[in-house]
**Student:** 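Mind looking over this structure? Questions follow.
Values reported hereafter were calculated over all heavy atoms of this structure, with side chains retained and with hydrogens, waters and symmetry mates removed.
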Amino acid sequence: YEEDDESVVAGFVQDETDKNRFIYVSKELNVEYDTLFADSIEDAKHQIEEMLIDHWNEEIDYLENRIKSFQDEE
């Protein structure tokens, strides 16, 4: 994938020596190189998607709390 392509939120490849090991990168998750274990490419994709969803939900919670703190000050 191209690093400057903002529409790419994560990339991963299957390890050459272990078919259940995947290496992934994600600017969105602030991961330059990490591994995960999965039964298939689809499972690896699903795991990364879940990590992204959790990350975005945490960001939403953080921002909602920030907004609330500003509104409470008024």
**Student:** With side chains defined as the heavy atoms from C-beta onward, is the minimum distance between Val9 and Trp56 less than 4.5 Å?
**Tutor:**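 Side-chain contact under 4.5 Å: yes.
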**Student:** Taking only residues at least two apart or on different chains, which pairs with a member in residues 11-24 satisfy salt bridge (charged side-chain N to carboxylate O under 4.0 Å, His left out)?
**Tutor:**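 Qualifying pairs, neighbours excluded: Asp15-Arg21.
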**Student:** Can you give the donor-acceptor pairs under 3.5 Å from side chains of residues 36-49 to other protein atoms, not counting sequence neighbours?
**Tutor:**
| from | atom 1 | to | atom 2 | distance (Å) |
| --- | --- | --- | --- | --- |
| Ser40 | OG | Glu42 | N | 3.4 |
| Ser40 | OG | Asp43 | N | 3.0 |
| Asp43 | OD2 | Asp39 | N | 3.1 |
| Asp43 | OD2 | Gln47 | NE2 | 3.4 |
| Gln47 | NE2 | Phe37 | O | 2.9 |

**Student:** Going by side-chain heavy atoms closer than 4.5 Å, which hydrophobic residues are tied to Leu63, directly or by a chain of links?
**Tutor:**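 Under the 4.5 Å side-chain rule, Leu63 groups with Tyr62.
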**Student:** Other members of the hydrophobic cluster containing Val13, with the 4.5 Å side-chain heavy-atom rule, please.
**Tutor:**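 Members other than Val13 - counting any ILVMFWY side chain reachable under 4.5 Å - are Ile23, Tyr33.
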**Student:** List, by chain and number, the other hydrophobic cluster members for Ile53, where Ile, Leu, Val, Met, Phe, Trp and Tyr join if side-chain heavy atoms come within less than 4.5 Å, directly or indirectly.
**Tutor:**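 Direct or chained contacts put Ile53 with none.
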**Student:** Listed by chain and number, what are the side chain to side chain contact (heavy atoms under 4.5 Å, CB included) partners of Ile60, not counting sequence neighbours?
**Tutor:**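 Scan of Ile60 (side chain to side chain contact (heavy atoms under 4.5 Å, CB included), adjacent residues dropped) gives Asn57, Glu64.
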**Student:** Report the residues that fulfil side chain to side chain donor-acceptor pair (under 3.5 Å) with Glu59, sequence neighbours left out, ordered by chain and then residue number.
**Tutor:**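 Glu59 satisfies side chain to side chain donor-acceptor pair (under 3.5 Å) with His55 only.
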**Student:** Any chance you could measure Thr35, atom OG1, to Asn20, atom CG, to the nearest 0.5 Å?
**Tutor:**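 With rounding to 0.5 Å, OG1 (Thr35) is 12.5 Å from CG (Asn20).
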**Student:** Is a side-chain N or O of Ser26 found less than 3.5 angstrom from the main chain of Val31, in a donor-acceptor match?
**Tutor:**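 Judged by distance alone, no pair lies under 3.5 Å.
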